[in-house]
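Below is one structure, written out as structure tokens, with a few remarks after it.
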Amino acid sequence: MNEEILNIIKENSQSHKYENNTATNISELVHVSRNEVATILKTLVARHVLMKIEERPAYYIDKQVFENEYNMKIEQDVFKSLDLLLNQSHQSVRDFDKLIGHDGSLSDLINQCKATIAYPPDGLPMMLYGPTGTGKSFIAKLAYEYAKNQNLLEAQGKFIAVNCSEYANNPELLTANLFGYVKGAFTGAEKDKAGLIELANGGVLFLDEVHNLKAECQEKLFQFMDQSIYHRVGDNETWYTSKVRLILATTENPEKVLLKTLQRRIPMTITVPSLQQRGMQEKVQLIYSMFKEEEERLHKKISISTKAYNILLSHEFPGNIGGLKSCVQSCCINSLFQENDEGDMLIQLKSLPNSILNDITEKSAVYTSASEYIKIDDLQNFIHKEKNIIRLNEELMKHYKECVQRIINEEQCIERCRDTVWKYFDSTLIYKEQEQQKDFYQNGIQHILDLVAGQYKFEVTNNDILSVCSYLNAYTKDYHSFRNWSVKNNEVVETFYSFMKQHYHREYSISEEIGKYLSSYLDMDVLPMAMITFIFYFQSLKKDDTYQKRAGVILAHGFSTASSIADAVNKFLGKYVFDAIDMPVNVDMNSVLQQLNSYMKKLGKTEELFLLVDMGSLEEIYKGLHLDNVNVGIINNISTKTALEIGNGILQNRAMEDIFKDVVAYSSTSYHIERNRQKEKVILCSCASGVGTAEKLKQIMEDSLPLQSEISVRVYDYNELVEKGMNSTLFDDYHVLCVIGTLNPNIEQMNFVPIEDLIINDCLGELDNYLEDSMTIEQLQDFKKNILKNFSLSNIMNSLTILNPNKLLEHVADAIDRLQIALDFNFSNNTCFGLYVHISCLIERQVMQKEIEIYPDMNIFEKEHALFISYIKESFKDVENFYRVTIPIAEIGYIYDYVRNDKNFIERGFSI
């Protein structure tokens, strides 16, 4: 048995069909249970006969076959991925592979460096531009090594580096050192001397901090770059030549510090990202490699406390990689004699430099981290070797396979896949990556998404554009890996793609359209798995109001009859109007209804559904639909012509009955309309403190509503509510019972409940009046009990802000006391409580850099209420200093609205 299994694995290993060597595949070939095969494979790995690749599913490689092919000895038996095994089989790490991030954020940068230094016949000058400590000198040295390894340089070619900042006060000496000089050229020039350009002949000359070059030196340099000739200092007659590749570096904007004539001779400026832009994964890798270097230097193992580790991860080092390295070395110096029982050197919080310790605030994660230690070797576990975009593919494929195997149902599969996709896209916005490639895509992607959004009626935000750009940046960067993965999983990907087309025709069409544009505009080959990712992403994008209110679906028998009609009509109309459901010819009515009901679940809050069918009893179809507050119009014997007529009517916002009557007048069709639409009852949360505050208030209100309540809670922008009042389409769509918020928008015919009244229980009688027709007596009593429980000041503060509520309230209360003294009158309790909440949310927004920028007639307010503004600035000075924020004029405007609505203010006739 062992021999038979070994022969199968050996044969697949020789032909590189490693993925066929899974326990499941082998068990089918040898007709033995999978568990028995797995046991045999485990034994063969333990005997060092096989190597195990821990991918999903795991597979095995004949160790001797692999070692013979790559002419090397492999000590390890288990590898996380095939890439890690192949990395061991390659030559020792060379040139750019030494650079952390070479396969991540720096991959584009490396490709630019390689192309520039290798450009025929003798390379081209390049400029490395980036902040201090980002590794520009190291990159230049690696570019030289790359050129050496590729035989682009002469055998004796050297790497000559000069830091121009060392000559900032003596530009003549720099010129002499660069170009050389002759005897007697200046005092002290006792003999002829070759310059650095001559010494670098056949190699690379690296000029760091090149912005320190004076204009005369720059002129000499660009003359040399043009013709490879130059004069030595003191000899304007003799021309010297040198064939040298030039790399320049600067921390200053080249366009501002270099002569235009020199700039034009540097065709490639490469932006080197800051440490912050490199992302968390690469920061972990850098920390690991730096501590490993110190371990080797000190001949000691190092362990780091989770508190210190979290600070190193979260701190923004002004010196970038250089600053991080300096910090790591300081930690080791400060902990040199701190050891645990195992002899490991311990890096603790106190080991960090004072400059970093002094910067730690109460908000830092260090105060909540457990006091545990991580061995430096264990940091490797935090470094994802597999590319993020491939992990995304694997996760999506895992959910789909679970669906196929009936471990989860289709609805769970879709939900898990959608969550997975959104987590991936969220991460692209949380961690900044190198923006260079994204900028290249951004205009093109924005144009494409604008075109498609207009056609398919969905809204695109700037974050959507950035997210898609980031995904495509990773996709093109890792295209080779992505394509290899797709080939390996081709069969499952195809069925997955068909599954998505069947269930999400609209999003499938959007992705197809974007794929075509990407191909024609940006010359990108978008593979099906990328299209599947787009389908899940676009599934969650907000549709515009028109699409939300009216939706159309064509249902027809045949392989693609409905799809063909829908696609033709949508393209002709230039808008996405119809979804499609294709049904097999011999399908029964129950299957039709199952598909329809599944589709209707996805409609959200659609008010009208136009259902176009090719045949069948309208009554029979209607009776099987699970209708919920949607007007449904069903018309049969559909054709492309009638679909086009109905689509036109939908776009023109004509009444459903009028559209159907016109169609029936010239065709042999019939229709039925069932009206079920009712306005949803809602409580509205709308806060001058911002949509974020309203969202959190919504959560508290939802927690307070009794079970089985038919009332929902929604959020609405305060400024829009004030501007549109009862004319807002919101009041057409919903029956608004009352508005709850931090500041009264003062709209007639609208019930308003201030949040401070809920806190001091001053409005429960009003709530009875507003909600008595929408709740039973028992539900109303439960609701008021929950209000009393959930709307204490401490609960509200804990829910509405992430800051320390006790400390925040203390600061805000002191500031409000100072403001009352300045204004010379006392606020009512309601105003005080309202201001506590409003200003606390205001401070949080400032800390999170999400301040409100709009206040009605802000310029007029600033002119007419300069005294009040000065009172606020003086009263809240300590708050601003403590939280390092500035309260802008727009925010002061809303504080003013609170104060002027205070009953004491009104009664005494104050004016500020």
Hey, does [Y] have a side-chain heavy atom less than 4.5 Å from the side chain of [X]?
{"X": "E19", "Y": "N12", "result": "no"}
{"X": "I304", "Y": "L312", "result": "yes"}
{"X": "F499", "Y": "V404", "result": "no"}
{"X": "L44", "Y": "R47", "result": "yes"}
{"X": "W485", "Y": "V493", "result": "yes"}
{"X": "T24", "Y": "V37", "result": "no"}
{"X": "F66", "Y": "Y18", "result": "yes"}
{"X": "E4", "Y": "L29", "result": "no"}

Sorted by chain and number, sequence neighbours left out, ring-ring contact (aromatic ring centres under 6.0 Å, His included) with Y60 holds for none
For F482, the ring-ring contact (aromatic ring centres under 6.0 Å, His included) test, sequence neighbours excluded, returns Y475
[X] side, atom [atom1]; [Y] side, atom [atom2] - distance, nearest 0.5 Å:
{"X": "L522", "Y": "Y517", "atom1": "CG", "atom2": "OH", "result": "12.5 Å"}
{"X": "S274", "Y": "I321", "atom1": "OG", "atom2": "CD1", "result": "9.5 Å"}
{"X": "F79", "Y": "I53", "atom1": "CZ", "atom2": "CD1", "result": "6.5 Å"}
{"X": "F538", "Y": "S509", "atom1": "CZ", "atom2": "OG", "result": "12.5 Å"}
{"X": "D108", "Y": "T271", "atom1": "CG", "atom2": "OG1", "result": "11.5 Å"}
{"X": "I407", "Y": "K401", "atom1": "CD1", "atom2": "NZ", "result": "11.0 Å"}

Does a side-chain N-to-carboxylate-O contact under 4.0 Å join [X] and [Y]?
{"X": "K375", "Y": "E342", "result": "yes"}
{"X": "K423", "Y": "E395", "result": "no"}
{"X": "E394", "Y": "K398", "result": "no"}

Checklist entry - So, Y497 versus Y508, ring centres under 6.0 angstrom or not? => result yes
Using the ring centroid of each side chain, check whether Y471 and F534 are separated by less than 6.0 Å. yes
Counting only heavy atoms not in [X] (residues, nucleotides, ligands), do more than 12 fall under 6.0 Å from its [atom1]?
{"X": "E54", "atom1": "CD", "value": "yes"}
{"X": "E11", "atom1": "CD", "value": "no"}
{"X": "Q405", "atom1": "CD", "value": "yes"}
{"X": "K114", "atom1": "NZ", "value": "yes"}
{"X": "K17", "atom1": "NZ", "value": "no"}

Closest non-hydrogen atom pair, [X] against [Y]:
{"X": "S511", "Y": "M531", "value": "O-CE, 3.0 Å"}
{"X": "I445", "Y": "L472", "value": "CD1-CD1, 3.2 Å"}
{"X": "L128", "Y": "A140", "value": "CD1-N, 4.1 Å"}
{"X": "Q412", "Y": "N409", "value": "N-OD1, 2.7 Å"}
{"X": "C332", "Y": "I302", "value": "SG-CD1, 4.0 Å"}
{"X": "G123", "Y": "R245", "value": "N-NH2, 3.5 Å"}

K63 meets the salt bridge (Lys or Arg N to Asp or Glu O under 4.0 Å) criterion, sequence neighbours left out, with D77
Please evaluate residues R418 and E507 with respect to the criterion salt bridge (charged side-chain N to carboxylate O under 4.0 Å, His left out), reporting the C-alpha separation (whole Å), side-chain torsions for both, the decisive distance (0.1 Å), and the verdict. CA-CA 13 Å; R418 188 167 53 235; E507 288 77 10; over 6 Å; no
For [Y], is there any backbone N or O sitting under 3.5 Å from a side-chain donor or acceptor partner on [X]?
{"X": "D582", "Y": "S563", "answer": "yes"}
{"X": "Q76", "Y": "V78", "answer": "yes"}
{"X": "N7", "Y": "E3", "answer": "yes"}
{"X": "N310", "Y": "T306", "answer": "yes"}
{"X": "K136", "Y": "G130", "answer": "yes"}

inquiry  = Using 30° and 60° as the class boundaries, would you call the ring planes of Y537 and W422 parallel, tilted or perpendicular?
reply    = parallel
Taken in chain and number order and not counting sequence neighbours, the residues that satisfy side-chain hydrogen bond (donor to acceptor under 3.5 Å, both in side chains) with S33 are none
Open item on the list: Between D567 and H505, is the side chain to side chain contact (heavy atoms under 4.5 Å, CB included) condition met? List the steps.
Closed with: CA-CA 10 Å; D567 289 343; H505 180 269; 3.6 Å; yes
Exactly one of L109, T116, N111, I117 clears side chain to side chain contact (heavy atoms under 4.5 Å, CB included) with C113, and that residue is L109
The single option from E294, E295, E339 that satisfies salt bridge (charged side-chain N to carboxylate O under 4.0 Å, His left out) with K300 is E339
For this session: Take D62 and S13 through the test side-chain hydrogen bond (donor to acceptor under 3.5 Å, both in side chains) and record every step on the way to the result.
Result: CA-CA 6 Å; D62 187 295; S13 298; 5.7 Å; no
So the salt bridge (Lys or Arg N to Asp or Glu O under 4.0 Å) pairs with at least one residue in residues 279-290 (sequence neighbours excluded) are R278-E282
Quick note, salt bridge (Lys or Arg N to Asp or Glu O under 4.0 Å) partners involving residues 139-155, not counting sequence neighbours, are K98-E145, E154-K243
Please test V421 against Q539 for side chain to side chain contact (heavy atoms under 4.5 Å, CB included), starting from the C-alpha separation and ending with a verdict. CA-CA 11 Å; V421 168; Q539 230 188 307; over 6 Å; no
Apply side chain to side chain contact (heavy atoms under 4.5 Å, CB included) to the pair I139 and I110, showing each step before the final yes or no. CA-CA 9 Å; I139 291 169; I110 288 169; over 6 Å; no
With no hydrogens and no angle check, just 3.5 Å: does a side-chain donor-acceptor pair link N320 and T134?
no
Using the rule given for side chain to side chain contact (heavy atoms under 4.5 Å, CB included), can you reason through Y144 versus L153, listing the C-alpha separation, both sets of side-chain angles and the distance that settles it, and then say yes or no? CA-CA 9 Å; Y144 164 75; L153 306 177; 3.5 Å; yes
